[in-house]
**Q** 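Handing you a structure now.
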Amino acid sequence: MSDAESTAGNDFVRQIIRADLEAGKNDGRVHTRFPPEPNGYLHIGHAKAICLNFGAARDFQGLCNLRFDDTNPAKEETEYVEAIQEDIRWLGWDWEDRLYFASDYFPQLWEWAIHLVKKGKAYVDSLTSEEIREYRGSLTEPGRESPYRNRSVDENLGLLEQMKNGELEEGACVLRAKVDMTHANVLMRDPAMYRVKKETHHRTGTTWNVYPMYDFAHGLSDSIEGITHSLCSLEFENHRPLYDWFNENCPIPSVPRQYEFARLSLEYTIVSKRKLIRLVDEGHVDGWDDPRMPTIRGLRRRGYTPAALRNFCEKVGVARNISRTEMALLESCVREDLNRVALRVMGVLDPIKLVIENWPEGQVEELDAINNPEDESAGSRKIPFSGELWIERADFMEDPPRKYFRLGPDREVRLRWGYFVTCTGFDKDDAGTVTCIRCTYDPETLGGNAPDGRKVKGTIHWVSVAHALDAEVRLYDLLFTKADPEEGGDFVQNLNPDSLKAITCAKVEPSLAAAAADIPYQFERTGYFCLDSKESADGSLVFNRTVGLRDSWAKAKKKQGGQQKKKERRPPPPRPS
RNA sequence: UACCCCGUGGUGUAAUUGGCAACACAGCUGGUUUUGAUCCAGCUAUUCCUGGUUCAAGUCCAGGCGGGGUAGCCA
């Protein structure tokens, strides 16, 4: 991509970084971090954050850390820690040796908590959680100070020690920052810093009975790591004053700054961990890696490539506007990458037999086929051709409409890489369904050109019946029927019942016996596919359609159909009698 | 009803910070093509509204209107 032409790379975050660099801030350092909580799998919204953090660091010769924000042992698991790392690496990013955990900083954080208590900036509150809520006031009314707000430093320290040692029960008390109970920003009304939780932590085990809250831990963790630009989504905007407050009131090694950007929102899907969990738990999808899921693993299994996802993240941009991106952009990104790299093969999804009546009995020819017209180095392969072929049912019409370029009675088309064939007839069953198409071929047209220079309008794909491999092909549609799945209340009600269509009788060319999950294919004229990593076993092929090819014929047909309907609806013109 | 944030083509982002509204996607036309793919060319905007400052406003100011966030011992 030519940087000069692109609007990417000049988002507001990078503009801030550029300005900071010019002003000589942070000794010229740029250091970001991606801070996932290990309580679920990563989705495409995370991909945007990952590409922003790692990408901005890369653009300015900076560094980006991976830090697990594991401050809540009740929700977090090691399984996710592994999966998240795998997904980020697959996406193509590298944190080198800078893998951190907020839990690594528990001792330091505790020290700073004590520091704040000693400075009279924090206190142990013994109000219940309900009382705290009442005392907090409302959005329009100021809060009231807790009766425990002015406990002595020594009393606070003693209580703190008891909290830490597990001598106090969960909910009995909480450590709060002493900020301002009348602050217009509710988050500043003495926010909780530590709560008692007698929970086993995935890394620190039972060492701690108290765990820090996000607001207290996050900015200080950023400081410990020397983060310069702490990027997060817009919902943390109101937290920024608190972020700064903790950093201003603790003896920290460096001063990070928080900047918020709008999280990714995509039409016809949901990008929220909580909601994705529901889809999995309630069995609406196959799991976190269901190819319909907008998770990194789902997209990967579907056949999306890291390059496509990175490109998408670049193209959606980074801003503070709340927006919803069209699926078409994601699809165009994956088509762009797959067009470059996918191996072309032939596969027939809805097979109908084509018999070449003048083909020499029993003869099989090996035809040359180019593997990728976009990449000469991909070479070519041989495909077996014979007198009985499978072709696509949609490539034949008994009574073709105008501008239909494919097969019909007496029509001639090219068989890809093969010969011209002319339809001489067809068979039907009792139900009127076409069961077989009869043709003759022109032996002079091997390779697809006629020596007499005559042209055909259409080229269709095929697979030799005797050599075809059986395959299951899974076609995916949008997971939801509404651009905004929340429309009308519960998103589950807007699930698309037709989001998965499995075709079990597809026929594919024999070279696909060597298919592997990480090789992208283009089934010519139908779409991009990849072998399903989970469902395919030896001798059984299951392909996922990553995305269809653009199809201007389908579009034209649809348009024509619309016009047809309009015409039908129009009342007939009055006849002169 | 308190505080904060955001309004630029159908969609998403730009506009060198006050100087001819650009790029991508989508859509529509047409061309090339042994994939109706790819590729190529062309077309598609009173910058939410009203007023103000200025030679000049998407950009600055004032007032509206609209959308969003915030009252977890979640992150």
Side-chain angles (χ1 to χ4, degrees), chain A residues 1-2 5-11 15 35-37 39 69-72 74-76 125 128-129 132-134 136-143 170-176 183-189 191-197 211 213-215 217-218 232 234-241 260 262 267 273-274 314-333 335-336 339-340 344 346 370 373-374 403-406 414-418 447-449 455-461 522-527 548-557:
Chain A
M1 164 175 305
S2 67
E5 297 287 331
S6 171
T7 63
N10 201 30
D11 54 77
Q15 285 180 28
E37 183 187 10
N39 68 344
D69 220 335
D70 54 352
T71 56
N72 188 348
K75 299 165 61 181
E76 296 147 6
D125 197 347
T128 65
S129 57
I132 287 184
R133 192 182 341 113
E134 285 163 26
R136 187 153 35 223
S138 74
L139 294 178
T140 50
E141 297 158 318
E170 289 189 20
C173 58
V174 67
L175 180 69
R176 301 178 72 179
H183 205 289
N185 182 341
V186 186
L187 287 165
M188 296 295 272
R189 322 238 258 232
M193 293 165 56
Y194 269 95
R195 74 285 213 190
V196 177
K197 256 187 201 296
Y211 292 93
M213 300 288 292
Y214 167 87
D215 284 309
H218 199 88
C232 61
L234 239 31
E235 71 253 48
F236 290 101
E237 198 177 332
N238 294 340
H239 295 243
R240 196 183 338 129
E260 312 85 20
E267 285 186 349
K273 237 190 274 182
R274 211 193 81 245
E314 193 170 305
K315 280 183 174 166
V316 291
V318 182
R320 291 172 64 84
N321 298 338
I322 293 167
S323 58
R324 197 188 299 272
T325 300
E326 291 177 340
M327 260 307 170
L329 184 64
L330 216 209
E331 293 185 343
S332 102
C333 287
R335 284 196 191 103
E336 185 186 325
N339 176 52
R340 223 166 44 211
R344 271 59 171 178
M346 291 198 285
I370 291 168
E374 306 287 323
K403 287 200 192 164
Y404 182 81
F405 303 155
R406 286 111 93 152
R414 173 168 36 232
L415 293 172
R416 181 76 156 152
W417 309 120
N449 287 303
K455 303 285 182 196
V456 287
K457 289 286 268 187
T459 301
I460 65 173
H461 60 279
Q522 183 196 104
F523 288 11
E524 292 206 49
R525 303 210 304 131
T526 85
L549 251 33
R550 275 182 41 203
D551 188 350
S552 57
W553 169 242
K555 213 178 278 174
K557 240 180 2 187

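Numbered from 1 within each chain, the chains take letters A, B, ... in sequence-line order.
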**Q** Check the pair A:Lys403, A:Lys557 against side chain to side chain contact (heavy atoms under 4.5 Å, CB included), reporting the backbone distance first and the verdict last.
**A** CA-CA 10 Å; A:Lys403 287 200 192 164; A:Lys557 240 180 2 187; over 6 Å; no
**Q** At under 4.0 Å between heavy atoms, how does the protein contact nucleotides 35-41 of chain B? Give one character per nucleotide, 5' to 3', with B, S or -.
**A** BBSS---
**Q** Which label fits B:U32, syn or anti, where anti is any glycosidic angle not within 90° of 0?
**A**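 Anti, which is what one calls it when the glycosidic angle falls more than 90° from 0.
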**Q** Treat a base pair as Watson-Crick or G-U wobble with both distances under 3.5 Å, then lay out RNA chain B in dot-bracket form, 5' to 3', with | for cross-strand pairs.
**A** .((((((..((((.....[..)))).(((((.......)))))....(((((..]....))))))))))).....
**Q** Please measure how far the P atom in B:U32 lies from the corresponding atom in B:C40, and state the result in whole Å.
**A** 16 Å
**Q** Quote, to the nearest angstrom, the P distance that separates B:U13 from B:C48.
**A**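 Approximately 14 Å lies between the P atom of B:U13 and that of B:C48.
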**Q** Distance between the P atoms of B:U44 and B:A22, in whole angstroms?
**A**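 The answer is 11 Å between these two P atoms.
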**Q** OP1 or OP2 of B:U13 less than 4.0 angstrom from a side-chain nitrogen or oxygen of A:Ser323, does that happen here?
**A** yes
**Q** On a whole-Å scale, what distance lies between the P atoms belonging to B:G30 and B:A37?
**A** 14 Å
**Q** Could you tell me whether the phosphate oxygens of B:U13, OP1 or OP2, come under 4.0 Å of any side-chain nitrogen or oxygen in A:Gln15?
**A**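 For A:Gln15, the contact criterion (side-chain N or O under 4.0 Å from OP1 or OP2 of B:U13) is not met.
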**Q** Mapping A:Lys455 and A:Leu330 onto RNA chain B by nearest heavy atom, which one lands closer to the 5' end?
**A** A:Leu330
**Q** Do you know the tightest heavy-atom contact between A:Thr71 and A:Ala217?
**A**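 Taking A:Thr71 first and A:Ala217 second, the nearest heavy atoms are CG2-CB, 3.8 Å.
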**Q** Taking the C1' atom of each, how far is B:A21 from B:C39, in whole Å?
**A**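 29 Å, rounded to whole Å.
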**Q** Quick one: closest heavy-atom pair of A:Lys315 and A:Cys333, and the distance?
**A** CD-SG, 3.9 Å
**Q** Grab the two heavy atoms, one from A:Arg136 and one from A:Arg189, that are nearest each other, plus how far apart they are.
**A**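 Heavy-atom minimum between the residues: O-NE, 2.9 Å.
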**Q** Sort me out a list of protein N/O and nucleotides 28-32 of chain B N/O pairs below 3.5 Å, or just none if empty.
**A**
{"from": "B:U29", "atom 1": "OP1", "to": "A:Lys559", "atom 2": "NZ", "distance (Å)": "2.6"}

**Q** For atom C1', what is the distance between B:U8 and B:G12, given to the nearest Å?
**A** 12 Å
**Q** Whole angstrom is fine here: how far is it from CZ in A:Arg320 over to C1' in B:G12?
**A** 18 Å
**Q** Indicate the atoms forming the closest heavy-atom contact of A:Asn39 with A:Lys273, along with that distance.
**A** OD1-NZ, 2.6 Å
**Q** Quick one: which of B:G12, B:A2, B:A15 gets closest to the side chain of A:Asn10?
**A** B:A15
**Q** Taking ring pair (Phe, Tyr, Trp, His ring centres under 6.0 Å) as the definition, give me every residue that meets it alongside A:His239, ordered by chain and number, with sequence neighbours left out.
**A** A:Phe236
**Q** Sort and list the pairs that fulfil side chain to side chain donor-acceptor pair (under 3.5 Å) and have at least one residue in residues 321-330 of chain A, not counting sequence neighbours.
**A**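 Sorted result for residues 321-330 of chain A: empty, none.
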**Q** Which atom pair, heavy atoms only, marks the closest approach of A:Tyr194 to A:Met213?
**A**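 Reported closest heavy-atom pair: N-CG, 4.2 Å.
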**Q** For B:U59 versus B:C20, give the span between their C1' atoms, rounded off to a whole number of Å.
**A** 15 Å
**Q** Is there a side-chain contact between A:Tyr214 and A:Asn72 in this structure, where contact means two heavy atoms from C-beta onward sitting under 4.5 Å apart?
**A**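 A side-chain contact is absent here, since even the closest heavy-atom pair is not under 4.5 Å.
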**Q** Any side-chain heavy-atom pair from A:Leu330 and A:Glu267 closer than 4.5 angstrom?
**A** no
**Q** Does B:G7 adopt a syn or an anti glycosidic conformation, taking syn as a chi angle within 90° of 0?
**A** anti
**Q** Look up atom CD in A:Glu524 and atom CZ in A:Arg416, then write down how far apart they are to the nearest 0.5 Å.
**A** 4.0 Å
**Q** Within the 4.0 Å limit for protein heavy atoms, which parts of nucleotides 65-75 of chain B are touched? Write it as a string from 5' to 3', B for base, S for sugar-phosphate only, - for none.
**A** ---SBBBSBBB
**Q** Rounded to the nearest Å, what distance is computed from the CG atom of residue A:Asn321 to the P atom of nucleotide B:A15?
**A**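 It works out to 12 Å between those atoms.
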**Q** On a whole-Å scale, what distance lies between the P atoms belonging to B:G18 and B:G42?
**A** 33 Å
**Q** What is the separation between atom CD on A:Glu267 and atom C1' on B:C25, rounded to the nearest whole Å?
**A** 12 Å
**Q** I need the CG-C1' distance between A:Leu329 and B:U11, as an integer number of Å.
**A** 9 Å
**Q** Counting C-beta onward and ignoring hydrogens, is there a side-chain heavy-atom pair between A:Ile132 and A:Arg176 closer than 4.5 Å?
**A**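 A:Ile132 reaches A:Arg176 side chain to side chain.
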**Q** I want to check something: taking the side chain as every heavy atom from C-beta on, are A:Gln15 and A:Asn10 in contact at a cut-off of under 4.5 Å?
**A** yes
**Q** Checking side chain to side chain donor-acceptor pair (under 3.5 Å) between A:Thr459 and each of A:Arg414, A:Arg406, A:Arg525, which is the one that passes?
**A**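 Among A:Arg414, A:Arg406, A:Arg525, the one meeting side chain to side chain donor-acceptor pair (under 3.5 Å) with A:Thr459 is A:Arg414.
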**Q** With the side chain counted from C-beta on, respond yes when A:Val174 and A:Val196 share a heavy-atom pair under 4.5 Å apart, and no when they do not.
**A**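 A side-chain contact is absent here, since even the closest heavy-atom pair is not under 4.5 Å.
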